[in-house]
There are 2 protein chains.
Amino acid sequence: MRPGERPEIANLPLFREMQEGQRDRIFSGSFLQAFPPQLTLFELGQHPDFLHVLVDGLVELYAHSAGRDTTMRIVEPVTSFILAAVITDQPYLMSARTIAPSRILLVPAALVREVVKDDCALMQATMRELAQAYRDMVRALTDMKLRQSAERLGNLILQQERRQGGSSTVRLKAEKRLLASLLGMTPENLSRAFGVLGGHGIAVSGAQVTITDRAALEAFSRPDPVRDDLA
Amino acid sequence: MRPGERPEIANLPLFREMQEGQRDRIFSGSFLQAFPPQLTLFELGQHPDFLHVLVDGLVELYAHSAGRDTTMRIVEPVTSFILAAVITDQPYLMSARTIAPSRILLVPAALVREVVKDDCALMQATMRELAQAYRDMVRALTDMKLRQSAERLGNLILQQERRQGGSSTVRLKAEKRLLASLLGMTPENLSRAFGVLGGHGIAVSGAQVTITDRAALEAFSRPDPVRDDLA
DNA sequence: CGAAAAGCTTGATCCTGATCAAGAATGGCC
DNA sequence: GGCCATTCTTGATCAGGATCAAGCTTTTCG
């Protein structure tokens with residue numbers, strides 16, 4: 001682990017409130033590993049061996065069924081992932097691959113389950129993290145069921161913009177094909193969706209998206225005040 | 001509370017392992033209330049006041065956006081619901097209504113949060129419940145993104161049949177319009193989907209669905225060994 | 001029991017998004 | 001810098017599912 005990284009990881013909501021000793025126990029049993037891009041980290045159906053914490057890079061979580069793939073989530077640093085599989089000790093429901101050179105902290109799943117039992121603060125943090133993850137999935141599912149493609153894209157842009165600091169500018173962190181899969185559409189249709197949004201307050205240039213007319217974009221995308229707020 | 005009910009509730013995975021005293025604290029602060037059908041219990045966006053435990057009846061959780069509704073989950077007794085909103089103390093992401101006369105145990109949200117903090121067993125159960133709920137949502141989302149309508153219906157029937165005891169017979173517990181909404185399609189299309197499945201091993205008569213040829217149904221629906229198993 | 005309402009099914013048409021097929025742009029790499 | 005591979009875009013066509021419009025069945029309730 002490089003200097004400065006341990007505190008960064010220790011500061012994650014998941015580990016922040018833990019007892020110092022228990023945190024050491026977690027860290028000393030874990031190891032940080034570097035992965036090249038396009039490497040499969042684990043596959044759907046496997047038994048979870050490690051809780052993963054993305055320290056640096058970019059990871060895609062995806063699912064497949066009947067020959068088709070779909071992106072479920074794009075993980076940005078610094079974030080833990082597949083916590084639910086580790087806690088329930090049940091097979092992964094998603095596969096994971098790096099989409100950029102990445103460094104990942106691997107925490108043995110059994111160790112997580114054990115320390116969780118002993119450290120109430122970690123348990124509470126885990127509980128909160130899972131509740132949040134659940135809510136995110138509820139949002140994603142209603143999005144998928146109720147909105148059509150261009151609207152989904154519009155809302156994703158609004159949401160990214162807020163997360164990137166509200167500068168009316170969004171830099172897409174992943175390829176558009178990946179974004180399309182995340183939004184549940186084909187790359188062709190994503191292109192067309194960007195085209196549609198061109199008439200509703202955005203301008204695209206490569207991976208750079210600029211919101212030229214927020215009111216128009218919001219009128220078109222109808223962000224839900226409850227569902228889309230990061231409150 | 002009627003005799004026999006308290007033990008039934010106390011036996012829920014959520015409350016089973018708690019300290020006796022803490023459980024009393026929960027129960028003595030809660031109350032059981034009866035609701036007529038078609039009554040809205042709470043609305044999306046509201047601040048969560050109670051953890052709900054459906055003791056008897058049937059409840060629909062649904063979301064809306066841009067004038068449209070969609071059913072997110074049909075809750076059968078005995079089950080708790082909207083645990084995540086209570087834990088995070090954030091607005092409901094779904095609305096709830098009774099679809100049959102129902103009796104619901106209402107546990108004040110603040111009380112839940114407080115007792116959770118004091119009782120590690122409850123916290124652990126909560127954590128597990130949330131992890132399971134998260135995984136269910138992951139399944140629902142991939143289902144929605146990757147399968148088409150008749151396939152979704154086929155899998156739902158297979159899944160219900162397993163849950164109802166494997167007698168090759170499924171009794172639909174809700175109206176078909178509701179089922180359609182849960183599956184993310186229109187009632188018209190659900191009818192047609194049943195029609196399609198008629199050629200793939202099922203026979204429908206009102207709310208009674210019979211699996212006449214499991215192999216055919218599975219060949220058509222391609223249940224995912226990992227995702228659909230209740231393991 | 002019988003009428004009204006609600007739910008379900010079936011058919012016809014429409015629309016969103018998928019697929020197929022080329023080009024244009026971008027990026028990696030020697 | 002220039003070539004090759006990949007990604008992105010644009011156009012044409014197709015298909016799954018939505019919508020619209022009736023009939024039909026079941027339930028509800030006086």
Side-chain angles (χ1 to χ4, degrees), chain A residues 36-38 58 60 65-71 97 99-101 143-154 156 171-200 202-209 220-221, chain B residues 36-38 58 60 65-71 74 97 99-101 143-154 156 171-200 202-209 220-222:
Chain A
Q38 300 302 333
L58 212 53
E60 175 195 7
S65 190
R68 301 154 152 284
D69 278 34
T70 194
T71 304
R97 71 167 76 97
I99 56 184
D143 205 51
M144 202 62 195
K145 286 177 86 177
L146 292 177
R147 294 211 260 238
Q148 44 195 51
S149 55
E151 229 175 311
R152 291 202 295 276
L153 176 58
L156 180 130
R171 159 144 247 108
L172 303 174
K173 67 273 165 212
E175 283 173 345
K176 290 192 183 149
R177 60 212 302 284
L178 234 173
L179 192 61
S181 176
L182 180 66
L183 288 169
M185 58 178 113
T186 57
E188 291 95 323
N189 249 323
L190 178 63
S191 257
R192 287 185 253 267
F194 271 121
V196 170
L197 292 186
H200 295 276
I202 80 161
V204 186
S205 159
Q208 191 73 25
V209 179
F220 178 84
S221 313
Chain B
Q38 299 304 333
L58 212 53
E60 176 196 7
S65 190
R68 301 153 152 285
D69 278 34
T70 194
T71 304
I74 295 173
R97 71 167 76 99
I99 55 185
D143 204 52
M144 198 44 114
K145 286 177 86 176
L146 292 176
R147 293 210 261 236
Q148 46 195 50
S149 55
E151 229 175 313
R152 291 203 295 276
L153 176 58
L156 180 131
R171 158 144 248 104
L172 304 175
K173 68 274 164 209
E175 284 173 344
K176 289 192 183 150
R177 59 212 306 282
L178 233 173
L179 193 61
S181 175
L182 180 67
L183 288 168
M185 58 179 111
T186 57
E188 291 96 324
N189 249 322
L190 178 63
S191 256
R192 288 184 253 266
F194 271 121
V196 170
L197 291 186
H200 296 276
I202 81 161
V204 186
S205 160
Q208 191 74 24
V209 179
F220 177 84
S221 313
R222 302 178 179 280

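In what follows, chains carry the letters A, B, and so on, assigned in the order in which the sequence lines appear, proteins first and then strands, with residues in each chain numbered from 1. The figures here come from the full heavy-atom set of this structure, side chains too, leaving out hydrogens, waters and symmetry mates. These numbers were taken from a predicted model, which means no experiment stands behind them.
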Does the side chain of [X] get closer than 4.0 angstrom to OP1 or OP2 of [N] through an N or O atom?
X: A/Thr186; N: C/dA18; result: yes
X: B/Arg192; N: D/dT19; result: no
X: B/Ser149; N: D/dG17; result: yes
X: B/Arg177; N: D/dT26; result: no
X: A/Lys176; N: C/dT26; result: no
X: B/Asn189; N: D/dG17; result: no

Take atom [atom1] of [X] and atom [atom2] of [N], then tell me their distance rounded to the nearest Å.
X: A/Leu172; N: C/dT26; atom1: CG; atom2: P; result: 14 Å
X: B/Met144; N: D/dG16; atom1: CE; atom2: C1'; result: 14 Å
X: B/Met185; N: D/dG16; atom1: CE; atom2: P; result: 14 Å
X: B/Arg68; N: D/dG17; atom1: CZ; atom2: P; result: 15 Å
X: A/Glu151; N: C/dG17; atom1: CD; atom2: P; result: 9 Å
X: A/Leu190; N: C/dT16; atom1: CG; atom2: C1'; result: 15 Å

Looking only at heavy atoms, what is the nearest atom pair of [X] and [Y], with distance?
X: B/Phe220; Y: B/Glu151; answer: O-CG, 3.8 Å
X: B/Ile74; Y: B/Lys173; answer: CG2-CE, 4.4 Å
X: A/Ser65; Y: B/Arg147; answer: OG-NH1, 3.8 Å
X: A/Thr71; Y: A/Glu60; answer: OG1-OE2, 2.7 Å
X: A/Asp69; Y: A/Arg97; answer: OD2-NH2, 4.0 Å

- [ ] Tell me what A/Glu188 touches on the nucleic acid: a base, only sugar-phosphate, or nothing, going by heavy atoms under 4.0 Å.
- [x]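 Result for A/Glu188 = base.
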- [ ] Name the nucleic acid region contacted by A/Arg152, choosing base, sugar-phosphate or nothing; use a 4.0 angstrom heavy-atom cut-off, strictly under.
- [x]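 If one applies the 4.0 Å heavy-atom cut-off, A/Arg152 turns out to touch nothing in the nucleic acid.
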